[in-house]
Amino acid sequence: MADLLGVYGASGCGRGIMPLLRGREGDARLVFVDDALAGGMVNGLPVLDWQGFAASGAAVCLAVADPGTRRRLAERAAAAGVPLHGARHPTVVEMDDVRIAPGACLSPYVVLTSNISIGRAFHANVHSVVEHDCVIGDFVTFAPGVRCNGNVHVGDGAYLGAGATIRQGRPGAPLRIGAGAVVGMGAVVTRDVPPGATVVGSPARPIRRKP
Ligand code: UDP
């Protein structure tokens with residue numbers, strides 16, 4: 001029987017990632033995996049729950065936009081011995097020396113220029129750009145249209161909202177977006193963002209939380 005390849009998450013993100021795999025995975029049998037929607041069909045494909053899938057799943061593509069959830073699902077996959085699988089649209093442009101860890105989902109018109117390192121299960125949604133000398137951590141999400149200029153380091157689990165623009169850093173002095181930070185949509189980030197902070201606006205500033 002053909003290998004079983006799962007797209008974990010059958011909601012908005014998963015329905016955007018499944019078409020990147022359809023018709024491009026040889027004889028592999030494609031299914032959605034979703035713990036809330038299991039038993040049904042989504043866009044013509046069956047939905048299994050994790051237990052049902054993991055027993056015979058050959059590989060899984062993590063298709064949930066939230067970085068923390070993706071990390072948790074990756075741990076679940078590792079514990080079950082199911083490897084991460086990536087997905088990419090044929091319009092993705094990758095230039096020189098781009099190193100990408102397993103599980104990346106690269107949507108249409110993503111551009112990765114040169115000398116870039118990207119961690120596990122990266123999500124780059126449509127029209128996102130990663131410029132030269134960037135270092136992207138594990139489980140990072142770029143929503144549609146993120147423009148990340150050169151010499152930027154993005155920590156594990158950071159989420160960059162739609163249309164965010166990140167100012168370039170300098171060689172040896174990168175602009176840093178800390179682990180777990182959230183950059184609001186349309187934000188223009190001109191300086192480092194501390195780990196766990198949420199920044200919005202132009203220039204982007206932290207949201208002050210009520211005590
Ligand atoms: N989900 C799941 N198991 C988990 C966490 C999430 O099956 O442990 C599924 C959840 O049921 C939902 C999908 O992942 O269908 C996430 O969908 P959501 O609309 O929250 O996010 P998006 O698709 O935009 O990333």
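Just follow the structure's listing: the first ligand is 1, and inside any ligand the first atom is 1. Quick caveat, the model's predicted, so the values are computed rather than measured. For the numbers below, each heavy atom of this structure counts, side chains included, while hydrogens, waters and symmetry mates do not.
- For the pair Arg24 and Pro90, the minimum side-chain heavy-atom distance is below 4.5 Å.
- Counting only heavy atoms, the protein never gets under 4.0 Å from atom 20 (O) of ligand 1.
- Annotation: Gly12 places an N or O atom under 3.5 Å from an N or O atom of ligand 1; distance criterion only.
- In the hydrophobic clustering of this structure, Val146 groups with Leu112; members are Ile, Leu, Val, Met, Phe, Trp, Tyr whose side-chain heavy atoms approach within less than 4.5 Å, directly or through other members.
- Inter-residue side-chain proximity for Phe122 and Leu106 is flagged as met; some heavy-atom pair is nearer than 4.5 Å.
- The backbone N or O of Ala65 sits less than 3.5 Å from a side-chain atom of Thr141, completing a donor-acceptor pair.
- Residue contact check: Val64 has heavy atoms under 4.0 Å from atoms 14 (O), 25 (O) of ligand 1.
- Using 4.0 Å as the threshold, Arg76 has a heavy atom nearer than that to some atom of ligand 1.
- In this structure, the protein non-hydrogen atom closest to atom 22 (P) of ligand 1 is Cys13 CB, 3.7 Å.
- For the side-chain contact (heavy atoms from CB on, under 4.5 Å) test with Arg88, the passing option among Val110, Ile100, Leu20 is Ile100; the others fail.
- Of all atoms in ligand 1, listed by their number and element, those nearer than 4.0 Å to a heavy atom of Ala36 are 11 (O).
- Below 3.5 Å of separation, one finds an N or O of Asp35 facing an N or O of ligand 1.
- Considering only non-hydrogen protein atoms, atom 13 (C) of ligand 1 sits nearest to Asp34 OD2, 3.6 Å.
- Of all atoms in ligand 1, numbered sequentially from 1 with element shown, those under 4.0 Å from a heavy atom of Arg72 are 4 (C), 5 (C), 8 (O).
- Distances from ligand 1 to the non-hydrogen atoms of Trp50 include no value under 4.0 Å.
- The contact set between ligand 1 and Leu73, taken as ligand atoms under 4.0 Å from a residue heavy atom, comprises 4 (C), 8 (O).
- Ligand 1 has no N or O atom lying under 3.5 Å from any N or O atom of Ala10, backbone or side chain.
- Geometrically, ligand 1 and Val33 share no nitrogen or oxygen pair separated by less than 3.5 Å.
- Using bins of under 30°, 30° to 60° and over 60° for the plane-to-plane angle, the ring pair Tyr109/His127 lands in the parallel bin.
- A side chain to side chain donor-acceptor pair (under 3.5 Å) with Asn115 is found for exactly one of Asp133, Asp97, Asn151, namely Asp97.
- Protein heavy atom nearest atom 17 (O) of ligand 1, with residue, atom name and distance: Ser11 CB, 3.0 Å.
- By the 4.5 Å heavy-atom criterion applied to side chains, Ser107 and Asn125 are counted as neighbours.
- Looking only at atom types and distance, the side chain of Arg167 has no donor-acceptor partner in the side chain of Thr190 under 3.5 Å away.
- Annotation: Thr69 places no N or O atom under 3.5 Å from an N or O atom of ligand 1; distance criterion only.
- Contact annotation for atom 15 (O) of ligand 1: protein present (non-hydrogen atoms, distance under 4.0 Å).
- Residue Leu30 is grouped with residue Leu37 when hydrophobic side chains (ILVMFWY) are merged at heavy-atom distances under 4.5 angstrom, including chains of intermediate members.
- Using a 4.0 Å cut-off to heavy atoms of Ala65, the atoms of ligand 1 that qualify are 25 (O).
- Taking the side chain as every heavy atom from C-beta outward, Phe139 and Asp66 never approach each other to under 4.5 Å.
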